[in-house]
Protein chains: 2
Amino acid sequence: MFSIGQLSKQTGVKVPTIRYYEQVGLLVSAGRTEGNQRRYDKDGLERLGFIRHARDLGFSIEAITALIDLQQHPDRSCQQATEIAQHQLTDVREKLLRLKALETELVRIADGCDGEGNSDNCYVLASLADHQHCRGEH
Amino acid sequence: MFSIGQLSKQTGVKVPTIRYYEQVGLLVSAGRTEGNQRRYDKDGLERLGFIRHARDLGFSIEAITALIDLQQHPDRSCQQATEIAQHQLTDVREKLLRLKALETELVRIADGCDGEGNSDNCYVLASLADHQHCRGEH
DNA sequence: CTTGAAGCTCTAGTCACTAGAGGTTGTAGA
DNA sequence: TCTACAACCTCTAGTGACTAGAGCTTCAAG
Ligand SMILES: [Zn+2]
Ligand SMILES: [Zn+2]
Ligand SMILES: [Zn+2]
Ligand SMILES: [Zn+2]
């Protein structure tokens, strides 16, 4: 049996975050001591590892809840799992496209002024004031 | 003079968002009618355009506040403006790196299962359970 | 048995909005 | 001039995924 602190050390998830996961129904402790402290078993440790990894990959708490639910029922079809993963991939790709566009504009904007002048003829400020300066959309 | 709704239409910023910007000190109306409704002048319209554009480029409210402050003082050095822009660029690049790594892993994970099997031998679930499957860090 | 690290609950704060309730004002048409 | 009603007002609370802090209790080593 592990205390919440031991779980935290093993997984790299902070103690208040573990409590938060319990609050939203993602990870319930195996039980409590007489003094009301949480105790976890190997199952809890593995589940928190799963959560941690999925969060690192950007999955939402809601998605992780569904994934764990699926994991608890080994006989069910895993179709939903692939759907969730595909959706997450799509999401990441959309963000990538957006950020690439931003990077292009920001390079132009940030490099357009050396910071030596005054703000009334600063290319950074002028670019922000008028989207016409921009090469693309965003 | 423009009403808040007219400002909204011209800039594409939603009415409650404009009120929110006022609350955080970004954009104050030129005045009010006798009946307490906000009225804006051309200055306000331009400023909201600036805010909108900067937000689209991912600048934080705090950064935009500093940029507008700088814009109000044409005789000041624009060094801070370039710093803020550079910082934003760095930020975007970090996010890009992270997302690219995520994309790589997610392609592998999402394509590793066709969703036809059961969840007890699903590659998606197995990959999430164990970072060892991953090619890189994240 | 004492001490102090680690645990507990509860509330509130973060960021940039967004939604809704419940009331008031502006304006166009009759 | 009156009447509808769209648009406006303020205030509170909710979003996601935590994080911080106050004030208290418990566990375990020495
Ligand atoms: Zn400049
Ligand atoms: Zn632009
Ligand atoms: Zn599968
Ligand atoms: Zn991994």
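These values consider heavy atoms only, across backbone and side chains, with no hydrogens, waters or symmetry-generated copies.
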- What does B:Y21 touch in the nucleic acid at a heavy-atom separation under 4.0 angstrom: a base, only the sugar-phosphate, or nothing? sugar-phosphate
- Message: Just to be sure I understand the rule, does B:R19 reach a base, reach only the sugar-phosphate, or reach nothing, if contact means heavy atoms closer than 4.0 Å?
- Response: base
- Nucleic acid contacts of residues 85-94 of chain B, taken as heavy-atom distances under 4.0 Å to DNA chain D: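 The stretch gives none, as no residue of it lies under 4.0 Å from the strand.
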- CD of B:E22: more than 12 outside heavy atoms within 6.0 angstrom? yes
So that I can tick it off, tell me whether [Y] and [X] are bridged by a salt bridge, with the cut-off set at under 4.0 angstrom between side-chain N and carboxylate O.
X	Y	answer
B:E46	B:K42	yes
B:E103	A:K100	no
B:K95	B:D91	yes

- Determine whether B:L57 and A:I109 make a side-chain contact, defined as any pair of heavy atoms from C-beta on separated by less than 4.5 Å. yes
- Kindly indicate whether the side chain of B:T104, heavy atoms from C-beta on, has any atom under 4.5 Å from the side chain of B:H138.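 Side chain of B:T104 against side chain of B:H138, heavy atoms only: no contact under 4.5 Å found.
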- Note on the structure: Looking only at D:dC9, C:dT18, C:dG7, the nucleotide nearest the B:P16 side chain is C:dT18
- Task: Sort out for me which residue in A:Q79, A:H87, A:Q86, A:Q80 forms a side chain to side chain donor-acceptor pair (under 3.5 Å) with A:E83.
- Result: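 Considering A:Q79, A:H87, A:Q86, A:Q80, a side chain to side chain donor-acceptor pair (under 3.5 Å) with A:E83 is found only for A:Q79.
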What integer distance in Å separates [X]:[atom1] from [N]:[atom2]?
X	N	atom1	atom2	result
A:I18	D:dT19	CD1	C1'	14 Å
A:L7	C:dC8	CG	P	11 Å
B:L48	C:dC17	CG	P	11 Å
A:E22	C:dC10	CD	P	12 Å
B:I51	C:dC17	CD1	P	10 Å
A:K9	C:dA5	NZ	C1'	10 Å
A:M1	C:dG7	CE	C1'	16 Å
A:Q6	C:dA5	CD	C1'	13 Å

Please tell me if [X] has a side-chain N or O lying less than 4.0 Å from either OP1 or OP2 of [N].
X	N	result
A:T17	D:dA17	no
B:Y20	C:dC15	no
B:R38	D:dA7	no

- Any chance you could list the contact pattern along nucleotides 22-30 of chain D? Use B for base contacts, S for sugar-phosphate-only contacts and - for none, protein heavy atoms under 4.0 Å, 5' to 3'. ----SS---
- Message: side chain to side chain contact (heavy atoms under 4.5 Å, CB included), that's the test. Do A:L7 and A:V13 meet it? Break it down for me.
- Response: CA-CA 8 Å; A:L7 221 64; A:V13 179; over 6 Å; no
- Would you check if there is a donor-acceptor pair between the side chains of A:Q6 and A:Q10 at a distance under 3.5 Å? no
- Message: On DNA chain C, does the nearest nucleotide to A:G5 precede the nearest nucleotide to A:Q23 from the 5' side, or the other way round? Give the residue.
- Response: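 Whichever sits nearer the 5' end wins; that is A:G5.
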- Verify side chain to side chain contact (heavy atoms under 4.5 Å, CB included) between A:D56 and A:R52, making sure each step is shown before the conclusion. CA-CA 6 Å; A:D56 282 350; A:R52 169 83 214 261; 3.4 Å; yes
- Message: Taking the nucleotide of DNA chain D with the nearest heavy atom to each, does A:R55 or B:V15 sit closer to the 5' end?
- Response: B:V15
